[in-house]
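Input: a single structure, listed below in structure tokens.
Bear in mind the structure is a predicted one, so any value in this text is a computation, not a measurement. Note: hydrogens, waters and symmetry copies are ignored here, and every other heavy atom, side chains too, is used.
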Amino acid sequence: MSFIDEAIAVKEKAIAAIQDIKDKMALQAFFADYLAKKGAISVLMGKMREIPPEEKGRFGQAVNAARKEVEEAYREKEAALAKEELSKKLAEESIDVTLPGRSAGSGRINPFYQIIDEVTDIFLDMGYEVAEGRDVESDLYNFELLNVPKDHPSRDMQDTFYIEGEGDLLLRTQTSAVQAHAMLERNPKTPIRLICPGKAYRRDDDDMTHSHQFGQIECLVVDRNISIANLKATLELFVKKMFGEKREIRMRSSYFPFTEPSVEVDVSCFNCGGKGCSMCKGTGWIEILGAGMVNPKVLEMCGYDPKEWSGYAFGVGVERVAMLRYGIDDIRRFYIDDLRFLDPFVGK
């Protein structure tokens, strides 16, 4: 079987499979099998390197055509199931207008915003300012000024939502764009100490730990004579205030385009105290955030002389902190406003 025949076979198998789907659970499984990052159609595209150069164009067209047809079938089935569910619900429900009304209960603060408020209070006490940015950003601020040019491979890790017909406008993939704005707007150049909480957006919703939208809190410090020791001291203070005085951190070498050197930061497990348990997968440590010293190239592009200025930056996921602290198993719970989920967080 040729590669093109294989693409056609996968498409036909998917179209046949979706016809038998009767509920949303089966539809989600179908999406994971065929349309997700590790689905059958994405796997096909990964075979591009095995194909002779003269056949790459035809194969790519075949895979794209297969994806388009399968996505259309998926959307049609999704709409049909939603219509069927609504019709069934309307048929089963009835309203007794003679029953007494229900009094409105008090509201609850979603743990998503509780975490943002708590982190914000910690950094305000440390002398930081809070900066907010826009959700719709330009490619310049979201990528290029953060040392991610148009051909940089790290863009592949951020499945970006571009706005059709609006040039280089996109939904920001990280709140780091606020940092670029802040550095460019400081005139004359002055020290910076800020955090920027907000939402970011990526096409990343394959499982219950990922969502197409998520919260981030980025930190940026720029001044003279800033070193990685300042970064470590700040992170240690933040972790102790957020997770308890007994918590420790460790820093592991990593890579981010906008920092150099870069580190992944782990916190000692607050469930077992570092002894090893199911939460920390037996290691005693839980990965909590990414950090590093601001890349000199980023400083230079944003108007700061890297020979005179230095800085550090880090970003923490809002939902990740909440999930670890409260034992929440599914990131989607933050967005459905189910009172059964919100009730336990009264007074936290």
Side-chain angles (χ1 to χ4, degrees), residues 111-112 114-123 125-126 128 146 154 157-158 173-176 179 193 195-198 200 202 204 206-211 214-221 226-295 310-331 334 348:
F112 177 92
Q114 291 188 34
I115 294 297
I116 289 179
D117 290 344
E118 188 170 346
V119 174
T120 299
D121 287 343
I122 290 172
F123 282 95
D125 289 345
M126 294 164 61
Y128 286 69
L146 299 175
S154 69
M157 297 185 291
Q158 301 184 21
T173 62
Q174 55 208 0
T175 55
S176 307
Q179 301 176 7
R193 184 178 284 108
I195 61 167
C196 35
R202 299 178 191 175
D204 188 6
D206 287 349
D207 57 48
M208 61 187 183
T209 63
H210 294 81
S211 171
F214 53 94
Q216 273 190 338
I217 301 177
E218 297 268 354
C219 170
L220 173 68
V221 170
I226 296 294
S227 71
I228 201 166
N230 301 114
L231 169 62
K232 184 179 180 183
T234 301
L235 290 173
E236 285 179 335
L237 180 58
F238 164 65
V239 164
K240 288 181 182 298
K241 285 182 174 292
M242 197 70 197
F243 297 107
E245 289 296 326
K246 295 182 179 181
R247 301 284 66 79
E248 303 293 337
I249 68 167
R250 71 175 181 182
M251 302 166 72
R252 296 176 287 108
S253 179
S254 186
Y255 168 76
F256 304 108
F258 32 87
T259 54
E260 180 59 40
S262 304
V263 293
E264 296 282 359
V265 180
D266 302 330
V267 60
S268 56
C269 181
F270 28 83
N271 186 55
C272 66
K275 297 177 182 179
C277 65
S278 59
M279 179 177 286
C280 61
K281 300 179 180 178
T283 66
W285 297 92
I286 298 174
E287 182 181 322
I288 193 70
L289 56 86
M293 301 300 294
V294 179
N295 193 307
S310 58
Y312 61 77
F314 61 84
V316 59
V318 176
E319 294 93 340
R320 178 161 180 76
V321 172
M323 292 172 79
L324 289 173
R325 173 183 276 190
Y326 301 131
I328 299 170
D329 61 345
D330 192 328
I331 193 172
F334 292 100
K348 287 188 179 293

Please identify each residue that fulfils side-chain contact (heavy atoms from CB on, under 4.5 Å) with [X], with sequence neighbours left out.
| X | value |
| --- | --- |
| Arg252 | Arg250, Glu264, Asp266, Glu287 |
| Asn230 | Ile226, Ser227, Tyr312 |
| Leu237 | Met126, Lys241 |
| Val316 | Ile217, Leu289, Val321 |

Shortest non-hydrogen contact from [X] to [Y]?
| X | Y | answer |
| --- | --- | --- |
| Val265 | Ala291 | CG2-CB, 4.2 Å |
| Gln216 | Thr175 | OE1-N, 2.9 Å |
| Thr120 | Ile116 | OG1-O, 2.7 Å |
| Phe314 | Leu231 | CD2-CD1, 3.8 Å |
| Cys280 | Cys277 | SG-N, 3.2 Å |
| Tyr326 | Pro111 | CE1-CB, 4.0 Å |

Let me confirm one number: the [atom1]-[atom2] distance from [X] to [Y], rounded to the nearest 0.5 Å.
| X | Y | atom1 | atom2 | value |
| --- | --- | --- | --- | --- |
| Ile249 | Lys232 | CD1 | NZ | 6.5 Å |
| Arg193 | Cys219 | CZ | SG | 9.0 Å |
| Cys269 | Leu324 | SG | CG | 9.0 Å |
| Leu235 | Met242 | CG | CE | 13.5 Å |
| Lys240 | Arg247 | NZ | CZ | 8.5 Å |
| Leu220 | Ser176 | CG | OG | 9.0 Å |

Just to verify, what does Glu118 make a salt bridge (charged side-chain N to carboxylate O under 4.0 Å, His left out) with, not counting sequence neighbours?
Arg325
For Tyr128 and Phe123, take the angle between the two ring planes, folded into 0 to 90°, and tell me which bin it lands in: parallel under 30, tilted 30 to 60, perpendicular over 60.
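Perpendicular: the ring planes of Tyr128 and Phe123 meet at over 60°.
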Begin from the C-alpha positions of Phe214 and Arg320 and carry the test side-chain contact (heavy atoms from CB on, under 4.5 Å) through to its verdict.
CA-CA 9 Å; Phe214 53 94; Arg320 178 161 180 76; over 6 Å; no
Exercise: do Ser268 and Glu248 side chains pair donor with acceptor under 3.5 Å:
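No, no side-chain donor-acceptor pair sits under 3.5 Å.
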Who passes side chain to side chain donor-acceptor pair (under 3.5 Å) against Ser310, sequence neighbours left out?
none
With side-chain contact (heavy atoms from CB on, under 4.5 Å) as the criterion, how do Phe334 and Ile328 come out once you've worked through the C-alpha distance, each side chain's angles and the decisive distance to 0.1 Å?
CA-CA 9 Å; Phe334 292 100; Ile328 299 170; 3.6 Å; yes
